[in-house]
Amino acid sequence: MKDKLLVFWQNHSDTLITLGYNLVLALVIVTASILTARSVKKAIKNSKSPLKKVDDTLLPILSSVVSYLVYVIAGLFILDIFGVNTASLIALMGAAGLAIGLALKNTLSNIAAGIMLLILRPFKVGDFVDASGTTGTVSEINLFTTIFKTTDGLYIASPNGKVWGGNIKNFTRNGKRRMDIVVGISFTDSIDEGLNVLKAVAASESRLLPEPAPKVMVASIGESAVNIQLRGWTVNGDYWQTVWDLNKRVKESIEQAGLTIPFPQRTLHISESMASAITVNKEV
């Protein structure tokens, strides 16, 4: 047995030494590529100084692309070390890529949609949006999905194709939002007095923007009330708290002014013939 191993070594020593050297070198390249990809990915995500001009929306996908690129380059180096013809391999990979692309067309459509989201920028990380029925704050946009955090703390990963394929409503982009505070008063109340109450509430609210100026109006004539409305604008950060506070203050101010906030009522008229029929049924 020992003699056979010795003969095998004498006949193939050069090949074994070269193979061992290549394996060690390939292992070093793999280790170096993993460490490099992780370091570059972490540096892109965490470092702000060299990437001040790059928006946070681009950082996740940029870090992923760079890390994949490092792995591809490392793979080409390893193949070259073992004498593989990379040119023919690239052509073969291209043909295989076409077949895989046809099989994974939905996945690739998500990648294409993600690229369109990053190029056209209908929203960015931190924006509060309604995208194809999903409402929440954008946490991340990656190659395949857009990550949302809802107001009740849920984590939602929505495919980029679905996000891009529907309507996108961005509540943050313009920096301010309009609120409509509607309250009903009785038909017997003075409309002008009700509007004056809303004007006083608007004038005392510092969070409402002076431009566009707040407006009061008769919104509609309902079945049981005259609906008057306070329309005002505020910055995004104050929107919801202002809406809640104004609803409370408008209700209290309307009541303090002696006006009535009616509830739905219906008047029932009974004819004489129907009253007689009801009386007969009771007697029976």
Side-chain angles (χ1 to χ4, degrees), residues 122-139 148-156 158 163 166-275 278:
F123 53 76
K124 64 180 186 300
V125 170
D127 284 356
F128 185 77
V129 302
D130 180 354
S132 300
T134 301
T135 303
T137 302
V138 180
S139 300
F148 298 95
K149 182 180 179 181
T150 64
T151 53
D152 53 349
L154 297 180
Y155 170 97
I156 296 181
S158 183
V163 174
N167 294 327
I168 299 174
K169 186 185 296 183
N170 192 326
F171 298 96
T172 306
R173 173 67 63 88
N174 293 332
K176 59 185 178 181
R177 290 183 62 183
R178 192 189 79 190
M179 64 188 68
D180 297 317
I181 309 298
V182 180
V183 62
I185 61 175
S186 173
F187 285 106
T188 59
D189 290 336
S190 170
I191 293 179
D192 290 334
E193 188 174 351
L195 295 178
N196 288 333
V197 171
L198 295 187
K199 288 179 181 178
V201 171
S204 63
E205 179 53 68
S206 60
R207 289 170 294 187
L208 292 179
L209 299 176
E211 186 60 37
K215 295 181 179 180
V216 297
M217 64 203 75
V218 177
S220 63
I221 307 296
E223 293 184 357
S224 57
V226 178
N227 296 315
I228 57 177
Q229 176 178 320
L230 166 60
R231 174 176 293 178
W233 294 76
T234 185
V235 296
N236 290 330
D238 294 335
Y239 178 80
W240 283 112
Q241 191 61 50
T242 306
V243 169
W244 300 329
D245 292 344
L246 283 181
N247 275 313
K248 179 176 182 293
R249 289 178 56 193
V250 164
K251 194 263 185 186
E252 294 173 345
S253 298
I254 288 290
E255 292 177 340
Q256 289 173 3
L259 303 176
T260 304
I261 301 178
F263 53 87
Q265 302 181 51
R266 292 190 180 276
T267 302
L268 181 62
H269 297 277
I270 301 178
S271 63
E272 292 183 3
S273 59
M274 183 178 293
I278 293 175

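These figures come from a predicted structure and were not determined experimentally. Side-chain atoms are counted along with the backbone in the values below, which use heavy atoms only and exclude waters and symmetry mates.
- No side-chain heavy atom of T172 sits less than 4.5 Å from a side-chain heavy atom of V129.
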Can you give me every donor-acceptor pair (side chain of residues 190-202, partner residue at least two apart or in another chain, under 3.5 Å) with its distance?
unit_1, atom_1, unit_2, atom_2, d
S190, OG, E193, N, 3.3
N196, ND2, D192, O, 3.1

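- Side-chain atoms of I228 and V216, non-hydrogen and from C-beta on, never get closer than 4.5 Å to each other.
- Residues satisfying the side chain to side chain donor-acceptor pair (under 3.5 Å) criterion with T150, sequence neighbours excluded, are D152.
- With sequence neighbours excluded, the residues that form a ring-ring contact (aromatic ring centres under 6.0 Å, His included) with F128 are F171.
- One N or O on the side chain of N170 and one on the backbone of P122 form a donor-acceptor pair closer than 3.5 Å.
- In plain terms, the two heavy atoms of I185 and P262 that are nearest each other are C-CD, 3.6 Å.
- Within the structure, the side chain to side chain donor-acceptor pair (under 3.5 Å) test picks out the following pairs touching residues 178-187 (sequence neighbours left out): R178-D180, D180-Q229, D180-R231, S186-T188.
- Pairs engaging residues 235-251 under the salt bridge (charged side-chain N to carboxylate O under 4.0 Å, His left out) rule: E205-R249, R207-D245, K248-E252, K251-E255 [sequence neighbours left out].
- Here ring pair (Phe, Tyr, Trp, His ring centres under 6.0 Å) pairs that include residues 181-210, with residues two or more places apart or in two chains, number zero.
- For the residue pair V163 and S158, the shortest heavy atom distance occurs at CG2-OG, 3.5 Å.
- Taking OH of Y155 as the start and NZ of K149 as the end, the distance is 12.5 Å to the nearest 0.5 Å.
- Taking 4.5 Å as the limit, some side-chain heavy atom of F148 sits within range of a side-chain heavy atom of V138.
- A donor-acceptor pair is defined here as one N or O able to donate and one able to accept, closer than 3.5 Å; no such pair exists between the side chain of D130 and the backbone of K169.
- Note that the OG1 atom of T234 and the CG atom of L246 stand 9.0 Å from one another [nearest 0.5 Å].
- By the 4.5 Å heavy-atom criterion applied to side chains, T151 and W240 are not counted as neighbours.
- One finds the NZ atom of K176 at 14.0 Å from the OH atom of Y239 (value rounded to the nearest 0.5 Å).
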